[in-house]
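All remarks here apply to the structure that follows.
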Amino acid sequence: MSKPAKPSTSSDPASAKPDYRSTLNLPDTPFPMRGDLPKREPAWVKEWEEKRLYRKLRYARLGAPKFVLHDGPPYANGQIHIGHAVNKILKDMIVKARQLKGLDAQYIPGWDCHGLPIENAIEKLHGRNLPRDAMQAKSRAFATEQIALQMADFKRLGVLGQWDHPYKTMDFVNEAAEIRAFKRVMERGFVYRGLKPVYWCFDCGSSLAEFEIEYQDKKSTTLDVGFECAEPDKLAAAFGVPALTQPAYAVIWTTTAWTIPANQALNLNPELDYALVQTQRGLLVLAASLVEQCLARYELSGQVLATVRGEKLGLIQFKHPLYDVDAGYRRLSPVYLADYATAEDGTGIVHSAPAYGVEDFNSCVAHGMKYEDILNPVQGNGSYAADFALFGGLNIWKAVPIIIDALRSAGRLFATHEITHSYPHCWRHKTPVIYRAAAQWFVRMDEGEGIFTKDKAPQTLRQMALAAIEQTHFYPENGKARLRDMIANRPDWCISRQRSWGVPLPFLLDVDSGEPHPRTPQIIDLAADVVEDGGIEAWSKLSVADILQRIGDKSDPARWSKSNDILEVWFDSGTTHTTVLKVSHPGAGHENGPEADLYLEGHDQHRGWFHSSLLTACAMYGRAPYLGLLTHGFTVDGQGRKMSKSLGNIVAPQTISEKLGAEIIRLWCAATDYSGDLGIDDKILARVVDAYRRIRNTLRFLLANVSDFDLATDAVPDEELLEIDRYALARAAELQADFLAHYEKYEFHPVVAKLQVYCSEDLGAFYLDVLKDRLYTTAPKSHARRSAQTALHQITHAMLRWMAPFLSFTAEEAWKVFGDSESIFLETYSSLRAPDGALLAKWARIRAIRDLVNKEIEALRTAGQVGSSLQATLRLTAAADDHALLASLGDDLKFVFITSSAELVPGDTLQIEVHPSTDAKCERCWHYRADVGHDPDHPTLCGRCTSNLFGAGEPRKVA
């Protein structure tokens, strides 16, 4: 048996006192106590990049089952914020956890590059009204710069991915693939062109999709406006009265005064009762159930002359309220019957401006109104057309008080009030939007005819999408209902935008009819080929004549106009399941079935990327592009407030990385329940730093105590391990099964919480505490010490893998000291023996008794009677079951309780007695023993230490 080195003596011959400390097996490791993360992390990032670690990870898993987490592209505009960091770190942790499981877990980072925000940035830098070619060139250059900046920040966070070949929606191959994806959606019968009211943002200067709308409170002015009846005889007959003795008015209530000038009809509900009410201001037509509150609002008294069902009032004509003010309003508004007119509020009568409301539009068209007859005076910039009567050139919001004054002067205003109500706003600009009729391209949700259908889908898009949702796993589960409700209730998808920087909708349209060229499929193929060679800029430069010449059409170019519309950016990102995973990065997705295992984004993406990806995949393939959807909350401060410059509560990931290290951001992200909002501030980060230190210190202890251990020559077989070592491994195996189950469900905060408890309680407060004596005082190569090191070696291996997904820098740093491969991420989870349930139960009870003993020792310590627990003597009286349990520990009982002596006696109940020891303290092991000084050559040592140093060594059986 190997012996510790002979104790050295002092250099002073007179004292010649042995240095017994030098005989201890004190821990040693180059793994530093201080992480010094801000300085060390950039070196790891650089090394991973220089050694092309991500590529080596792919080779290591070549042929293994795939796990595909498809990256939802951040927008290539502006510095990343803490929300971006959360998103990318969560993705990185999941991918790394699956990589360590042994799967081929690829991660292709990507960027959304087209669209309005970049155009806005270019306009701020270079002014408005840039030529299309200049806008596209400058936008591409700007996006390229932004991607480089964001990529550097993402790498700094420790995110591993294919950074040398990310995907960008503006890459020529992706732009071309998107055009081909659009063609597939068209061939399946879902694409049509129509005039419909769509959300319109004046700041964007373009239509918006449902995905781009959010609701915020808005102050509006309500109006009750009277429309004078133009056919009093018909109205009298409908109400069954002989004649009208006063002018009669159908009174409407609205919150959008700006739509009144464009009124073209009135809507009444055929099933509601309407009253003819005599008042000081004439006869009023109102919903019968609302008469009392309407008169109160108008400060009028009145008498109901008659009531009639709404169906009797259909097609009766009323005059526009400004009919007598200006010739431009000398038109009539017929009554169209519609179910959406209700008596819940207002007057029960809805005024209809078909250009500015979907229901109004549908009602008017259903009653025979032609598209060309629909009034649409509001321009894309939010102002009425210059030649529009009375209000030409005015911004619609600024025109509201002027319209009200005009109605009041005309005697048609019955009441007006200010209210605050929920109103649609632009997601980007946070400004109010309107519905505005415009000729747009749509993807149809329900039955209907599409253009150039070749392979019609067997179901509607809504039916397929709802069915696909039922086949999708949601994390958390409540995301399912949210997405399902959105799909169930959404209108057709407007996919066209009136911008320059984006993938073209490559149509030639007949100048007179607006119909697309009969050889449109061939034109789309041409556009895809042109774009694949030279980007969208190449298509923009082609003239109508060029296009006709290339498809072999000899018709007059003047007959056709080239569409300048682009596909909205949600179509860009929504088709990346194909444009990226099948085209630009072939092999990155699953070949059959859903392309990705998981999409992961903030919960706002139920109406964004999750939504558009589902619709495009269902339109193209009849299924979802993902097996699972995971959502996370938004970042807020410690008080739950949104981050804003005005509050001064913004926490920048760059600042944290420079001050504390990106590892702290990663640990905070992992430790937080991302299913809700993620709170972060200096106090929260301080707690994360403390948690990091505990984990790092535990890891350092493990590394330091196996520094002289060689697995090939020093390992002790499992069956020969001391019992407490087998228990420690069983506990580690139990914990690993728990951790991997959490990882399987994409859960990290329980892992971090349990890992901290494991480090502080299972290891720090128990196993490592018990182990120190054996590790330090027994012979370096003794069975007792090697048994402990064998267990520690396995625990260290396991723990580094557990923490690698979130503490990536620290795990890699430790692996350089401990491991035998190039990177921890090339490894797989440890193969620990299945936990022994009986052993775990036995030691759980022993630990419970030990906790009780520690309380008694602490009482002595508080009273000043002992210092360390080794200064105490222990007497345990135990009933049969506990006695048998404790007796099995034999002479090692004292080591488990870390007392210098322990006596066990049988009894009826558990009784604990602790007393200060009266024995001398061994200078080397610090135990208080009666045999200290038994060897005159070593008068300050106990028998244990002389045996471990000079004899056969102390026998250890259990602990």
(request) Check each of Tyr340, Tyr435, Tyr371, Tyr336 against Phe361 using the ring-ring contact (aromatic ring centres under 6.0 Å, His included) test, and report the only one that passes. (result) Tyr371
(request) Among Tyr674, Tyr475, Phe474, find the residue that satisfies the ring-ring contact (aromatic ring centres under 6.0 Å, His included) test when tested with Tyr746. (result) Tyr475
In terms of side-chain geometry, is the basic nitrogen of [X] or [Y] positioned less than 4.0 Å from the acidic oxygen of its partner?
| X | Y | result |
| --- | --- | --- |
| Asp104 | Lys66 | no |
| Asp92 | Lys96 | yes |
| Arg497 | Glu212 | yes |
| Asp565 | Arg499 | no |
| Glu744 | Arg98 | yes |
| Lys642 | Asp637 | no |

(request) Just do the side-chain contact (heavy atoms from CB on, under 4.5 Å) check on Asp677 and His603 with the steps written out, would you? (result) CA-CA 10 Å; Asp677 288 342; His603 55 63; 4.3 Å; yes
(request) Please test Gln736 against Glu734 for side-chain hydrogen bond (donor to acceptor under 3.5 Å, both in side chains), starting from the C-alpha separation and ending with a verdict. (result) CA-CA 5 Å; Gln736 175 164 288; Glu734 182 182 45; over 6 Å; no
(request) Output, in order, the C-alpha distance, side-chain angles, deciding distance and verdict of side-chain hydrogen bond (donor to acceptor under 3.5 Å, both in side chains) for His473 and Lys480. (result) CA-CA 8 Å; His473 299 287; Lys480 181 177 183 178; over 6 Å; no
(request) Would you sort out whether Asn174 and Thr169 count as a side-chain hydrogen bond (donor to acceptor under 3.5 Å, both in side chains), showing the intermediate values? (result) CA-CA 6 Å; Asn174 294 111; Thr169 57; over 6 Å; no
Quick check: do [X] and [Y] have side-chain heavy atoms less than 4.5 Å from each other?
| X | Y | result |
| --- | --- | --- |
| Val86 | Pro653 | no |
| Leu615 | Leu461 | yes |
| Leu807 | Trp802 | no |
| Trp493 | Glu568 | yes |

[atom1]/[X] to [atom2]/[Y] distance, rounded to the nearest 0.5 angstrom?
| X | Y | atom1 | atom2 | result |
| --- | --- | --- | --- | --- |
| Gln522 | Asp525 | CD | CG | 7.5 Å |
| Met445 | Thr460 | CE | OG1 | 7.0 Å |
| Ile213 | Arg607 | CD1 | CZ | 8.5 Å |
| Trp441 | Ser496 | CH2 | OG | 8.5 Å |
| Leu90 | His632 | CG | NE2 | 6.0 Å |
| Gln463 | Cys618 | CD | SG | 11.5 Å |

(message) Can you give me the closest heavy-atom contact between Gly78 and Gln150, atom names plus distance?
(response) O-NE2, 2.7 Å
(request) Kindly determine whether Leu208 and Val198 satisfy side-chain contact (heavy atoms from CB on, under 4.5 Å), including the steps that lead there. (result) CA-CA 7 Å; Leu208 301 182; Val198 293; over 6 Å; no
(message) Counting only heavy atoms not in Glu470 (residues, nucleotides, ligands), do more than 12 fall under 6.0 Å from its CD?
(response) yes
(message) Checking His429 against Cys201 for the side-chain contact (heavy atoms from CB on, under 4.5 Å) test, could you report, in this order, the C-alpha distance in whole Å, the side-chain angles of both residues, the deciding distance, and whether it holds?
(response) CA-CA 9 Å; His429 293 100; Cys201 173; 3.8 Å; yes
(message) We want to know whether Trp111 and Gln146 form a side-chain donor-acceptor pair, criterion being a heavy-atom distance below 3.5 angstrom.
(response) no
(message) Between Ser363 and Asn267, is there a side-chain donor-acceptor contact under 3.5 Å, judged purely by atom types and distance?
(response) yes
(request) Not counting sequence neighbours, which residues clear side-chain hydrogen bond (donor to acceptor under 3.5 Å, both in side chains) with Thr256? List them please. (result) Thr254, Thr259
I'd like a table of donor-acceptor pairs (distance under 3.5 Å, sequence neighbours excluded) in which one partner is a side-chain atom from residues 448-457, with atom names and distances.
residue : atom : partner : partner atom : Å
Asp455  : OD2  : Arg184  : NH1          : 3.1
Asp455  : OD2  : Arg184  : NH2          : 3.3

(request) For the pair Asp112 and Asp572, evaluate side-chain contact (heavy atoms from CB on, under 4.5 Å) and give the outcome as yes or no after the intermediate values. (result) CA-CA 8 Å; Asp112 229 343; Asp572 287 23; 4.1 Å; yes
Tell me if the aromatic rings of [X] and [Y] count as close, with their centers under 6.0 Å from one another.
| X | Y | result |
| --- | --- | --- |
| Tyr423 | Tyr215 | no |
| Tyr829 | Phe739 | no |
| His70 | Trp609 | yes |
| His585 | His165 | yes |

(message) Tell me whether the rings of Phe571 and Phe182 are parallel (<30°), tilted (30 to 60°) or perpendicular (>60°).
(response) perpendicular
(message) In terms of relative ring orientation, are His114 and Trp501 parallel, tilted or perpendicular, with 30° and 60° separating the classes?
(response) perpendicular
(message) Donor-acceptor pair, distance only, cut-off 3.5 Å: does the side chain of Asp673 make one with the backbone of Ser675?
(response) yes
Let me have the donor-acceptor pairs involving side chains of residues 595-602, under 3.5 Å, with sequence neighbours excluded, atom names and distances please.
residue : atom : partner : partner atom : Å
Glu595  : OE1  : Arg623  : NH1          : 3.1
Glu595  : OE2  : Lys582  : NZ           : 3.3
Glu595  : OE2  : Arg623  : NH1          : 3.2
Glu595  : OE2  : Arg623  : NH2          : 3.0
Asp597  : OD1  : His590  : NE2          : 3.4
Asp597  : OD2  : Val68   : N            : 2.7
Asp597  : OD2  : His590  : NE2          : 2.6
Glu601  : OE1  : Asn87   : ND2          : 3.1
Glu601  : OE2  : Gly72   : N            : 3.0
Glu601  : OE2  : Lys91   : NZ           : 2.7

